[in-house]
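Take a look at the structure set out below.
Just follow the structure's listing: the first ligand is 1, and inside any ligand the first atom is 1.
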Amino acid sequence: MTEEEVPPYAAGCMKCELAGQRRRMVWGEGNPGAPVFILLDNPGAREDKDGQAFVCGTRDTLQQGLRETGIALDQIYVSYLLKCRPIRAYDKPAARAACSPHLAFQLERQKPRILLGLGNTVVQELYQSEEKDVKSLRGRWHDYEGIPAVFSYHPLAVRRRPVLMRYLLEDLALVREKLMVLAP
Ligand code: SF4
């Protein structure tokens, strides 16, 4: 998938301490006009090293799930709560709060039809509640700022606990079903 350039307004963002840790910003990847916006917590090592082809567990597992459920890559766009990869310990609430306007900008501009949030960090940040988790929210539709939303396990959690793959596939199947309803 093609990485999207950081928009000029955000290039060189210094709004949180990750500006001092990052190698680069990773804005998003895939089709910005796609109906499905997949949200992860932050870029991983592969995304951080532009052009470096090495195995990325998140990507492998996510693409396996998409393949198995029949969701084409041009139907998705992938981005992050944080556009910079943390290298060292940092103030997580402050960084997420600082970066949230970038996500709001993306959602407003791209107007995805479906939001797929992966992992507890995403759930807790979107709903501003540490009480929320994937386990209690997955498997059914929710609403996030007017966007139909599904939540599932982070691909790295699925790799660590393969038993979770069936839940990720079930949640991706929900997305695929809605995509079929939305199709013109
Ligand atoms: S994580 Fe977000 S808010 Fe912090 S420097 Fe990077 S782009 Fe800016």
### Task
Check ligand 1 against Met25 and write out every atom of the ligand that is under 4.0 Å from a heavy-atom position of the residue.
7 (S)

### Query
Quick check: does Cys13 have an N/O/S atom under 2.8 Å of atom 8 (Fe) of ligand 1?
yes

### Query
Of the backbone atoms (N, CA, C, O) and the side-chain heavy atoms from C-beta on, which set of Arg22 has a member under 4.0 Å from an atom of ligand 1: side chain, backbone, both, or neither?
side chain

### Query
Quick one: are the ring centres of Tyr127 and Phe151 less than 6.0 Å apart?
yes

#### Entry: Sub-4.5 Å side-chain heavy-atom contact between Leu66 and Glu68
no

### Query
Is the distance between the ring centroids of Tyr80 and His102 under 6.0 Å?
no

### Task
Determine the sole option in Leu169, Leu168, Leu118 for which the side-chain contact (heavy atoms from CB on, under 4.5 Å) test with Val158 is passed.
Leu168

### Task
Record the part of His102 in heavy-atom contact with ligand 1 below 4.0 Å; permitted values are side chain, backbone, both and neither.
side chain

### Message
Is the shortest side-chain heavy-atom distance between Val175 and Val36 below 4.5 Å?
### Response
yes

### Task
Evaluate side-chain contact (heavy atoms from CB on, under 4.5 Å) for Leu126 paired with Leu115, printing each intermediate quantity in order.
CA-CA 11 Å; Leu126 290 186; Leu115 179 67; 3.8 Å; yes

### Query
What protein heavy atom is closest to atom 4 (Fe) of ligand 1, reported as residue, atom name and distance in Å?
Cys16 SG, 2.3 Å

### Task
Examine all N, O or S atoms of Cys99, backbone included, and report whether one is under 2.8 Å from atom 2 (Fe) of ligand 1.
yes

### Task
Pull out every atom of ligand 1 sitting under 4.0 Å from any heavy atom of Cys84, numbered as shown with elements.
1 (S), 5 (S), 6 (Fe), 7 (S)

